[in-house]
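Structure first, commentary second.
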Amino acid sequence: MEFREMKLKVIKRNIETLRNEMILAYVKNGADMRNARVLEISQLLDEQLNRYEKCRKRARTSSNGYTFVYRPRRATNLSVQV
């Protein structure tokens with residue numbers, strides 16, 4: 001498996017983890033979408049989704065002769081690999 005594919009796989013796993021954590025936080029906090037924890041996880045999820053799309057685009061361009069460069073984002077205190 002190539003480096004790109006491994007990174008996409010890790011990001012996908014992060015997305016699923018964050019999605020599940022957001023759902024749990026939503027349920028635990030009385031189905032309140034404005035809860036600070038739900039919003040925080042939602043923002044982290046958005047970052048991972050954007051990161052996934054960016055990596056996918058880079059993977060496509062790298063197959064056309066461009067170089068793929070991976071730049072990790074900031075770490076979080078959640079159970080997500082960065």
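Given the structure is predicted, the values throughout are model-derived calculations rather than measurements.
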Qualifying residue for side chain to side chain contact (heavy atoms under 4.5 Å, CB included) with Leu18, from Ile23, Leu49, Leu44
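Answer after filtering Ile23, Leu49, Leu44: Leu44.
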
Query raised in the report: Are Val27 and Leu39 co-members of a hydrophobic cluster defined by side-chain heavy atoms under 4.5 Å apart?
Result: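 No, because Leu39 and Val27 fall into different hydrophobic clusters, even though each may have its own neighbours under 4.5 Å.
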
Could you state the interatomic distance from CZ (Arg37) to OG (Ser42), rounded to the nearest 0.5 Å?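 Between atom CZ of Arg37 and atom OG of Ser42 there are 12.0 Å.
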
Under the side-chain hydrogen bond (donor to acceptor under 3.5 Å, both in side chains) test, which residues partner Glu16, sequence neighbours left out?
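In terms of side-chain hydrogen bond (donor to acceptor under 3.5 Å, both in side chains), with neighbours along the sequence ignored, Glu16 is linked to Arg19.
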
*asked:* Tell me every residue that passes side-chain hydrogen bond (donor to acceptor under 3.5 Å, both in side chains) with Asn29, counting only those two or more places apart in sequence or in another chain.
replied: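 So Asn29 forms a side-chain hydrogen bond (donor to acceptor under 3.5 Å, both in side chains) with Asn35.
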
*Expected output: side-chain Thr17 to main-chain Arg13 donor-acceptor under 3.5 Å*: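 Checking the backbone N and O of Arg13 against the side chain of Thr17, a donor-acceptor pair under 3.5 Å is found.
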
* Asked: Can any side-chain N or O of Glu5 pair as donor or acceptor with the backbone N or O of Glu2 at less than 3.5 Å?
  ->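 Pair found, side chain donor or acceptor close to backbone of Glu2.
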
>> To check you understand the geometry: which heavy-atom pair defines the closest contact between Ile41 and Ala25, and what is its length?
In response: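 It is CD1-CB, 3.9 Å.
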
What are the two closest heavy atoms between Met22 and Leu45, and how far apart are they?
->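 Shortest heavy-atom contact: CE-CD2, 3.9 Å.
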
Practice item. Decide yes or no for Arg51 and Lys54: does some side-chain heavy atom of the first lie under 4.5 Å from some side-chain heavy atom of the second? Key: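 Not touching, per the 4.5 Å side-chain cut-off.
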
- Message: Suppose we screen for side chain to side chain contact (heavy atoms under 4.5 Å, CB included). Which residues come up paired with Tyr52, at least two apart in sequence or across chains?
- Response: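 Once residues adjacent in sequence are excluded, the partners of Tyr52 under the side chain to side chain contact (heavy atoms under 4.5 Å, CB included) criterion are Leu8, Ile11, Lys12, Ile15, Arg56.
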
